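This is a predicted model, so every value here is computed, not measured. Read the numbers this way: they start at 1 and go in the same order the structure lists the ligands and their atoms. Counting begins at 1 with the first residue of the sequence.
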Amino acid sequence: MRHLWKILMLIWRAEQVALLRGVALSITVLVMGLALLGLSGWFITAAGLAGLLGLGTTFDIFRPSAGVRFLAIGRTAARYGERLLNHDATLRALAALRVRLMQALAAQGWERLGRLRGSEMLNRLGADVDALDGAMLRLAIPAVAAGVTLGLALVVMSLLTTPLLAIASVGSFTLGGVLALIWVTMRARKPSRRAGRAVQALRIRMIDLLRAKADLAVMGRLAGARASTLAASARLDAARAASDAVEHRANGRLGATTTIATTIALFLGVMSAREGLISAPQAALGFFVMLAVAETLAPLRRGLTELGAMLDAAARVDHLLGDTPEPRGHARAVRPDPMAPALEIADLRYRYPGAAAPVVDGFTLRVQPGEAVALMGRSGSGKSTVLHLAAGLIAPESGTIRLAGRPLADWSEEALRNHVGLLPQRSTLMRGTIAEALRLGAPEASEADLWAVLEVVQLARVISERGGLDANLAEAGAGLSGGEARRLALARLLLRRPRLLLLDEPTEGLDDATADRVMTGLRDFAPRASILIATHRLPPAKAAWRIAAMA
Ligand code: ATP
Ligand code: MG
């Protein structure tokens, strides 16, 4: 509940004025409905009595009938305005919430971002925010409007009929209505939660199915994955049907409450009229107003049916909003010292969260300015981890890392990213043209620059045969061979001209001749850059590479 309240407050603060107007119009709609039925009831009865008593010539039928028409049309107009304003305000607030969520997600540390599943992110931004749109529209606003209108109905009925009639009828309706709504809330909570979970599962499975379709097909698991996706869909349908059933039964309960309350109003009205406390038209007014009072609580039914899913979604969204990104550096403008070692790692120790033993322990390495070093070691010895530590993506448990003489922690994120270029072991190419892929980190690069880096990684011929820089890459770089995609990612990095290059297996998947040419080209392209590569392959003999071994 606390989380939902926080989200409601967020929406409220973002769109106060529009929502206030919307609530005012919601109340107007309900009040006009009461007035319309009350006035009509009074009018019909009074007109009938006037006819019976032969007072037809003196009875004023014009003003009440004008009032009825005004209320009927005004109510429709107010309803239209209310729908427009409340939906507009809520949807705008939710759009802003989506942006904030996206920012919170994007500000996560590199480690957590890497672990996030795309489908989960989609669920947070899509299904969860969607679930919350009812919180304002179908819960908070109708609740406020219903409370105010019931209070008004009580006061006005007391004045126009008798206080006893007003309290007995409005009071019994409110009591019965609230009980019915509590019943809905309790009954619908489980199916609503189940529906919420099923929506999430359906999305996750659907995306996994699409993503891994090739693997699933070769493993012969495509049918199984499809069946489990369909099962989630069936669960969703069943949960929704259960929610709907609860809502229908709640409808019956609210109807019964209305019948009881109107009967009380009718009975007390007739009694009071007999005793001469009120006139017969006043008694009719009380009865008809009670018929309209039913409209106050009815809209809450739907919102309360969805409460379970809303609470779950609110908790997840609030949790994500509250996540503070891991702070990095003091954003000071450090000045690199060109004479100091390009990279100096001393006594480094790092343990992955939850791991029993550190992967890197007591590791020391120095790369001089302009030096090229190959970091070698068996698979799993921690080469990639060292590169990630040096790039400031993860923080060491102990030990020091200095870049160009300055402690890593002193670098601002922007300066650090400009200075260091990391080629991860698995890099991703996005959909788009070759030129777009290359310009990811260097939007200003000219076509000549693009061709120059393609030449370094031995891709110029392949790309020109494929249709040049405007050739399209399919999803995740499909359309290039594994080694070509890898070299394109390397070219993209070189284009940024970082002073320190950290390359994780840049020649993986290449034949010896191409690998040697890429390594030599790399050195020639950036003769003054300092280079550290993690690799299993001995660098070409003629280039001056120093070999460092992982423990
Ligand atoms: P390779 O030559 O196969 O690329 P590597 O030397 O680059 O290996 P790392 O990727 O640094 O090895 O991994 C070192 C060890 O840390 C491995 O045993 C690996 O299982 C573990 N490891 C890597 N990433 C994580 C992670 N995110 N969480 C937990 N353990 C991890
Ligand atoms: Mg590795």
Side-chain angles (χ1 to χ4, degrees), residues 105-121 323 325-326 328 343-367 372-401 403 408 420-429 457 476-477 482-483 485-490 492-494 498 500-512 514-516 518-519 522 530-540 545-551:
L105 279 168
Q108 304 275 331
W110 172 84
E111 260 264 295
R112 285 200 54 186
L113 263 187
R115 278 204 307 269
L116 262 183
R117 287 166 66 155
S119 40
E120 255 172 60
M121 275 172 89
D323 261 3
E326 301 143 36
R328 228 206 59 71
L343 172 66
E344 198 174 14
I345 295 176
D347 216 9
L348 196 65
R349 184 184 161 95
Y350 182 78
R351 182 200 310 264
Y352 279 103
V359 260
V360 182
D361 200 1
F363 181 75
T364 298
L365 175 76
R366 181 179 294 186
V367 179
V373 177
L375 184 61
M376 301 191 72
R378 60 176 171 78
S379 174
S381 57
K383 302 182 293 297
S384 300
T385 309
V386 166
L387 294 191
H388 293 164
L389 284 161
L393 295 177
I394 44 182
E397 209 173 289
S398 64
T400 53
I401 304 174
L403 297 177
L408 191 54
V420 179
L422 171 76
L423 177 74
Q425 196 157 9
R426 277 180 287 268
S427 31
T428 316
L429 295 171
V457 298
R486 184 110 198 99
R487 283 181 282 156
L488 191 61
L490 176 59
R492 176 173 75 179
L493 185 71
L494 292 178
L500 174 63
L501 280 164
L502 303 171
L503 311 176
D504 204 345
E505 317 224 4
T507 54
E508 189 191 358
L510 302 187
D511 57 280
D512 289 343
T514 313
D516 282 359
V518 169
M519 297 280 279
L522 181 69
S530 319
I531 308 177
L532 176 65
I533 65 168
T535 183
H536 291 283
R537 184 203 296 270
L538 277 172
W545 289 84
R546 179 161 71 81
I547 310 245
M550 278 305 295

Residue T385, metal the Mg ion (ligand 2), N/O/S under 2.8 Å
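False for T385.
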
Examine S379 and say whether one of its N/O/S atoms is closer to the Mg ion (ligand 2) than 2.8 Å.
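So S379 does not count as coordinating the Mg ion (ligand 2).
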
Any donor-acceptor pair under 3.5 Å linking the side chain of [X] with the backbone of [Y]?
X    : Y    : result
R366 : A346 : no
T364 : D347 : yes
K383 : L375 : no

Can you pull out the closest protein heavy atom to [atom]? Residue, atom name and distance to 0.1 Å, please.
atom                    : value
atom 13 (O) of ligand 1 : T385 OG1, 3.7 Å
atom 3 (O) of ligand 1  : S379 OG, 2.6 Å
atom 10 (O) of ligand 1 : S384 CB, 3.5 Å
atom 16 (O) of ligand 1 : V359 CG1, 3.0 Å
atom 21 (C) of ligand 1 : Y352 CE1, 3.9 Å

Give the intermediate values and the outcome of side chain to side chain contact (heavy atoms under 4.5 Å, CB included) for residues L532 and L502.
CA-CA 5 Å; L532 176 65; L502 303 171; 3.9 Å; yes

With a 4.5 Å heavy-atom cut-off, do [X] and [Y] have their side chains touching?
X    : Y    : result
E397 : V360 : no
F363 : L389 : no
W545 : M519 : yes
L538 : M376 : yes

Between Q425 and ligand 1, find which residue part has any heavy-atom pair under 4.0 Å and reply side chain, backbone, both or neither.
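Side chain only; the backbone of Q425 stays clear of ligand 1.
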
Find all atoms of ligand 1 within a distance of less than 4.0 Å from any non-hydrogen atom belonging to G382, and give their numbers and elements.
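Listed by number with element, the hits are 5 (P), 6 (O), 9 (P), 11 (O), 12 (O), 14 (C).
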
Can you list the atoms of ligand 1 that are under 4.0 Å from a heavy atom of E505?
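What qualifies from ligand 1 is 2 (O), 4 (O).
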
Pick from T535, I531, L494, L387: which one makes a side-chain contact (heavy atoms from CB on, under 4.5 Å) with L503?
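Exactly one pass, corresponding to I531.
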
For atom 29 (C) of ligand 1, decide whether some protein heavy-atom distance is shorter than 4.0 Å.
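Given the 4.0 Å limit, the answer for atom 29 (C) of ligand 1 is yes, a protein heavy atom qualifies.
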
Residues L365, L348; criterion side chain to side chain contact (heavy atoms under 4.5 Å, CB included); working and verdict
CA-CA 9 Å; L365 175 76; L348 196 65; over 6 Å; no

G380 to ligand 1: N or O pair under 3.5 Å?
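For ligand 1, there is an N or O atom that lies under 3.5 Å from one belonging to G380.
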
Hey, does [X] sit under 4.0 Å from ligand 1 if you only count heavy atoms?
X    : value
H388 : no
G377 : no
H536 : yes

